[in-house]
2 protein chains.
Amino acid sequence: MTTPTANHPQEPIRVVIVDDHPVVRSGMHTLLAASPCIEVVGESSNGDEVLTMVENTSPDVVLTDLRLGPGGDGVDVTKAVRGAHPDVAVLIITTFDHDADIVRAVEAGAAGYLLKDALPDEIVAAIRAAAQGETVLSAEQSQRVIDTLRVGGRPPSERELDVLRLVADGRSNDEIAKALFISRATVKTHLGHLFDKLDVDSRTGAVATARRLGLID
Amino acid sequence: MTTPTANHPQEPIRVVIVDDHPVVRSGMHTLLAASPCIEVVGESSNGDEVLTMVENTSPDVVLTDLRLGPGGDGVDVTKAVRGAHPDVAVLIITTFDHDADIVRAVEAGAAGYLLKDALPDEIVAAIRAAAQGETVLSAEQSQRVIDTLRVGGRPPSERELDVLRLVADGRSNDEIAKALFISRATVKTHLGHLFDKLDVDSRTGAVATARRLGLID
DNA sequence: CCGAGCATCAACCTTTCGGCCGATAGGCCC
DNA sequence: GGGCCTATCGGCCGAAAGGTTGATGCTCGG
């Protein structure tokens, strides 16, 4: 439903592409170039130069990978762009639909996100929707966001995640205690709280659930 | 062994691209088209039609994603192509360098593999090397293959992996026993053998190591 | 100021896990 | 046939993990 009440072929949607993979950048560029209603006005391989590029090219939509190399991810790009230019829509591209950062990106003002294996038509449709200020989230994707937000009601604390990451690495409580300079008792307390928040009852279960929600890895 | 004693710019390397992501396919095509020494003679979104395409287009190199959609992965493509046309080199593209299937692909006759975030020059260089019958494995990549082969000396049995997958899912030994219709004791035996093979001493450690080696997930 | 949440620790108890000792049975290879 | 590996099972035991209760000090917001 692109509500084509006012088509402006003479005013294509201006798009900036941000992705650290040359292959993806090139492919996205080629695919979008095939759409007359879209004009790619910039490409960036990292998040640092995006703001400058936005100011130089005045895009309608910034299409950014969620995972970039060093120097910021898609969430940072979203915050920076939306903070300085609230009229520019940000669309997230990601390889996985199980990534907790997607929630952070949406909270930071992203219009939605796309999977990298999306069909060209879907990508174009999403860009058009985003350019019109609409939000783009598929049913399955929305469900995941809701799932994560459910846990978001009781998000594990940073310290608890420290413990969880070491658990996921296969360390014992004793090793974790030494690594974090705390006592075994504290490790157990953190783990107990994690079990409550993640609704599990074992360390392996906590790792599995946290990984599913994208809290670790 | 195409004995490249003579360079033939008038005979570009014929390449077939196999990837289930339209974006990647398009990007790879565009990048390779920029190289005069390479000609893309075919594109496929899945592994099923590759053999027909190879027979129709007679490529020198098949560039295939490791993970394709339903209907076979890069390993299957490698086996099929190398089995029917041993003179056609197969190059694997993958997103992650920690994927046990890479080893299987190399064993199946792949000339090597590339990461999706490789630079265009690296990709072209790898294709040229593969077309000349060379093997393409970076130092880091080779190390991983060796690491995995080290475990390959004592590969976990299929049944042990069944147990391991459930452990990674957070199940207890009791739950695993019920799920696999075996007794707790057997689950413990399998796990003990896994600990030996993976050189760990806990279930979480086994999951961490197996994940690192690409044995699960 | 006081409650809520967090991080830290301790003692106690139950359950699970992991290590070690066995055993039986089937398949495969030399 | 005799190893070798795998899959299956049992019991025993110490160690680790998990559950419960309770405590202290900190920060933050109403």
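Residue numbers begin at 1 in each chain, while the letters A, B, ... track the order of the sequences. Hydrogens, waters and symmetry mates play no part in the numbers below; they use all other heavy atoms, side chains included. Because the structure is a prediction, the values reported are computed rather than measured.
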(message) Using a heavy-atom cut-off of 4.0 Å across all strands, would you classify B:Ser172 as base, sugar-phosphate, or nothing?
(response) sugar-phosphate
(message) Taking the minimum atom-to-atom distance to the side chain of B:Ala185, which one of D:dC9, C:dA10, C:dG18 wins?
(response) D:dC9
(request) Please report, rounded to the nearest Å, how far the P atom of D:dT6 is from the CD atom of B:Glu158. (result) 12 Å
(request) Give a yes/no answer on whether the side chain of A:Ser183 brings an N or O atom under 4.0 Å of OP1 or OP2 in C:dT8. (result) no
(request) Figure out the CG/P separation between B:Leu180 and D:dT6, and round it to whole Å. (result) 17 Å
(message) Rounded to whole Å, please give me the gap between NE2 in A:His190 and P in D:dG19.
(response) 16 Å
(request) For D:dA7, take OP1 and OP2 only and decide whether either is under 4.0 Å from a side-chain N or O of B:Ser157. (result) yes
(message) Let me spell it out: for each of B:Ile182 and B:Lys188, pick the nucleotide of DNA chain D with the closest heavy atom. Which residue's pick is nearer the 5' end?
(response) B:Ile182
(request) Could you check whether B:Thr186 gets within reach of a base, just the sugar-phosphate, or nothing at all, counting any heavy atom under 4.0 Å? (result) base
(request) Check whether any side-chain nitrogen or oxygen of B:Arg184 sits under 4.0 Å from OP1 or OP2 of C:dC17, and answer yes or no. (result) no
(request) Return the value, rounded to whole Å, for the distance between atom CZ of A:Phe195 and atom P of D:dT20. (result) 12 Å
(request) Give the nucleotide from the list C:dT8, D:dG18, C:dG19 with an atom nearest to the side chain of A:Thr189. (result) C:dT8
(request) Answer yes or no: is there a side-chain heavy-atom contact under 4.5 Å between B:Val88 and B:Asp60? (result) no
(request) Quickly work out the A:Phe181 CZ to C:dA7 P distance and round it to whole Å. (result) 17 Å
(message) Using OP1 and OP2 only, check whether a side-chain N or O of A:Asn173 sits under 4.0 Å from D:dA16.
(response) no
(request) Locate the shortest heavy-atom distance separating A:Glu49 from A:Glu43; write the atom from each residue and the value. (result) OE2-O, 4.3 Å
(request) May I have the distance from A:Leu161 (atom CG) to C:dC6 (atom P), rounded to whole angstrom? (result) 11 Å
(request) Flag the pair A:Ile17 / A:Ile93 as yes when at least one side-chain heavy-atom distance between them is below 4.5 Å, and no otherwise. (result) no
(message) Using only atom types and a distance under 3.5 Å, with no angle test, would you say the side chain of B:Asp73 pairs donor to acceptor with the backbone of B:Asp76?
(response) yes
(message) When you compare the side chain of B:Met53 with that of B:Val62, does any pair of heavy atoms fall below 4.5 Å?
(response) no
(request) Give the rounded distance in Å between these two atoms: CG of B:Asp196 and C1' of D:dC4. (result) 16 Å
(message) Using whole Å, what does the distance between atom C1' of nucleotide D:dC26 and atom CZ of A:Arg159 come to?
(response) 15 Å
(request) Using a heavy-atom cut-off of under 4.0 Å over every strand shown, decide if B:Arg203 touches base, sugar-phosphate, or nothing. (result) sugar-phosphate
(message) Between B:His193 and D:dT6, is there a contact of a side-chain N or O with OP1 or OP2 at under 4.0 Å?
(response) no
